[in-house]
Amino acid sequence: MVSIQELYAEIEGKSILKGLSLDVKPGEVHAIMGPNGSGKSTLGKILAGHPDYEVTSGSVTFDGGNLLDMDADERARNGVFMAFQYPVEIPGVNNASFLRMSYNAKRKHLGLPEVDPFEFELLLQKQSKLLKLGEGLLDRSVNDGFSGGEKKRNEILQMMLLEPKLVILDETDSGLDIDALRIVAESVNRFKSPDRSFLVITHYQRLLDYIVPDVVHVLANGKIVKTGDHLLVRELEERGYDWLTGAIPSEVGG
Amino acid sequence: MSKDIHAIASKPYEYGFVTQIESDTMPKGLTEDVVRLISGKKNEPEWMLEYRLKAYRHWLTLTEPHWAKAEYPKINYQDIHYYSAPKITEKKASMDEVDPELKRTFEKLGIPLFEQKKLAGVAVDAIFDSVSVATTFKGKLLEAGVVFCPLSEAIEKYPDLVKKYLGSVVPHTDNFYAALNAAVFTEGSFVFVPKDTVCPMELSTYFRINTQDTGQFERTLIICEENSSVSYLEGCTAPMFDTNQLHAAVVELIALDYANIKYSTVQNWYAGDPETGKGGIYNFVTKRGKCQGKGSKISWTQIETGSAITWKYPSCVLIGDDSVGEFYSVALTNHFQKADTGTKMIHIGKNTRSTIVSKGISAGKSENTYRGLVQINRSAKGAENFTQCDSMLIGKQAIANTLPYIDVRNASSSLGHEASTVKVSQDQLFYFAQRGISMENALQTMINGFCADVFKELPTEFAVEATQLLSLKLENSVG
């Protein structure tokens, strides 16, 4: 599904990824773990095409094509989806209209007719019920005044609507209480399929108790330092990251 | 950072072409003889010439005002053509006789001159440089008793109305540009809606400056008698020249008892070169409405997108008790544009009410200023005003200013003022992109949301046009 080879990337001249390689096959769930500041979230943003980051060398193949050649919106329409750690608020833009716009952009890309607001409403109701998303949230501006949990559920709603091929969950567990976490995890598990891959970026084990990964990677200092199966999660929980990074407990930050 | 957003290709100004047509253009410069010549070209009666000369002589005593937030080189008033007209030997009896080149021009601008075609329900007066070339639906309007014609025709056919109302809202002594306009105005629209009449269709005037170094000084006069109403829209475009062109119009509205005038503007003059800021229109306009009658209402809606410099304050003088003034504005500036715009609401009558909703969008290196006055006189007992001024900043170099002046002289009035500033962030645009939505659509959506309060005031035929115009103007502007 996605194959990353020797990826180097930087932001404002500061190098963030330093030769990262990763291979995710269709149907697989990979967890990316690591200490703060290791480049986990950056990896997600780079795959999604955030314009602040510059890829200096390496390659990313997605679904047989060169991902790095595409703009962010093109990547999205081709099936790359990222659930944001901090979904941004967009005052003045109605959430339901936004979702429909996004849904129709995808339909158009697939050569399908766009859906009208009435059809879309039905679709939306069904999905938002599954997520126990209050209907009020659809009538409000995108993420505007949403609680942390509401924002995250809104992200998952979009994931379900857009049916992407590669889902990047960026710290989706942060800001969720245990009930919300369960709802989100159930939705993700239901959404798994043989032709869809997941990259679950998380600092803690918590989310991975619910979404069990096939492969676990530890990212430190811009590259993958350890790869294992889900048992590695437990080990990390017990031992922390220091034995892998070989470092004194290090810097804190995003 | 954000080189991406800087880089979206800009669509060039699409109305920047020049029509090759033989024209009758007066030499540059302004003297008393030029004023006489203009008046002569129009076969005006003596009283009109006197009016112009009085204004001209007054203008000579005035100095150009410079208090707006816009700096520009001194305008040489002797380097402007004050009259230019496409050569038409005689007034055409029907639309079919309008010069085909002119017809093509207005077609290119998307303005229907043919009564049977397109946009049914909108009557159009088309003004090319200094003269009106066509007014549509005239006959149908006259059946309803509504007069809609070029001002020069009104001077000839309805001299009493013109004498009574011309300069009654914006006198020639009002300001420098109003004096200049009164001296040299060459065309404009005249609307008269008699008592108890609802104008059966939208009225619209399109202004086009074609000849280089030509000033356009149009003058519009709209009178609504008791219990009548009208909705009027003006649109403007100009070719691209690297010299600046002056547009100094005057618009006067008069609403008698319970009359209702809605005046909408979609302004898209040429704004100057996006890279250098060279050229473009100086839009120095005086627009004012007088709610003379009880319970009358005047509503200004403007979408200001073009012009190198915009300097205008469509205002309402609320004389009649219970009269209502409204001002809904979207002013968008990009590149090197400067806009200093807003309104004046002068409350004189009892229980008069006014609403101001201003949305300023600044992108590029532009500067966008809201300047507004709410004045509530002693006599205006129980007056109410609500003002909302919102600014949207796109990019890092754009400037937005809000300068509200409030002057209240009695204790029984109430005022509300709200202001906000939002910034379109890189993260918001990335969020749209991550959901498969292009930058253009993302911006358009955000602007629509930001301007919704104003767009809903536009006549429906033009709301869509306005939205498209704004997003067009903003391509290549985020950063």
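In what follows, every chain begins at residue 1, and chains take the letters A, B, ... in the order their sequences are listed. These values consider heavy atoms only, across backbone and side chains, with no hydrogens, waters or symmetry-generated copies.
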Item to check | Top of A:H50, A:R77, A:K108 for chain B proximity - count of heavy-atom pairs under 4.5 angstrom | outcome: A:H50
Next on the checklist: Which heavy atom of B:G436 sits nearest to which heavy atom of A:A105, and what is that distance?
Outcome noted: O-CB, 3.4 Å
Item to check | Side chain / backbone / both / neither for B:N441 at chain A, heavy atoms under 4.5 Å | outcome: both
Checklist entry - What part of A:F81 is in contact with chain B, defined as an atom under 4.5 angstrom from a non-hydrogen atom: side chain, backbone, both or neither? => result both
Next on the checklist: Can you tell me how far apart CD1 (A:I168) and CD (B:Q434) are? Round to the nearest 0.5 Å.
Outcome noted: 7.0 Å
Next on the checklist: Using heavy-atom distances under 4.5 Å, tell me whether A:N78 contacts chain B through its side chain, its backbone, both, or neither.
Outcome noted: neither
Checklist entry - Are side-chain heavy atoms of B:R435 and A:K106 found at a separation under 4.5 Å? => result no
Next on the checklist: Need one label for A:E74: side chain, backbone, both or neither, based on atoms under 4.5 Å from any heavy atom in chain B.
Outcome noted: neither
Checklist entry - Does any heavy atom of chain B fall under 4.5 Å from the side chain of A:P87, the backbone, both, or neither of them? => result both
Checklist entry - Would you find more than 12 non-hydrogen atoms of other residues, nucleotides or ligands less than 6.0 Å from A:F191 atom CZ? => result yes
Item to check | Approximate separation, where rounding is to 0.5 Å, of A:D52 CG and B:Q426 CD | outcome: 4.5 Å
Checklist entry - If you look at every heavy atom in B:A433 and A:A76, which pair is closest and at what distance? => result O-CB, 3.4 Å
Checklist entry - CZ of A:F84 to CG of B:D427: how many Å apart, nearest 0.5 Å? => result 8.0 Å
Checklist entry - Looking only at heavy atoms, what is the nearest atom pair of A:I90 and B:Q428, with distance? => result CA-NE2, 3.9 Å
Checklist outcome for this item: Turns out that what part of A:V80 lies under 4.5 Å from chain B's heavy atoms comes down to both
Checklist entry - Above 12 or not: heavy atoms from other molecules or residues under 6.0 Å from CZ of B:R353? => result no
Checklist entry - More than 12 non-hydrogen atoms from neighbouring residues, nucleotides or ligands closer than 6.0 Å to NZ on B:K365, yes or no? => result no
Next on the checklist: Out of the candidates B:F432, B:Y431, B:F430, only one should pair with A:V88 under the side chain to side chain contact (heavy atoms under 4.5 Å, CB included) rule; please name it.
Outcome noted: B:Y431
Next on the checklist: With a 4.5 angstrom heavy-atom cut-off, is it the side chain or the backbone of A:F98 that approaches chain B, or both, or neither?
Outcome noted: both
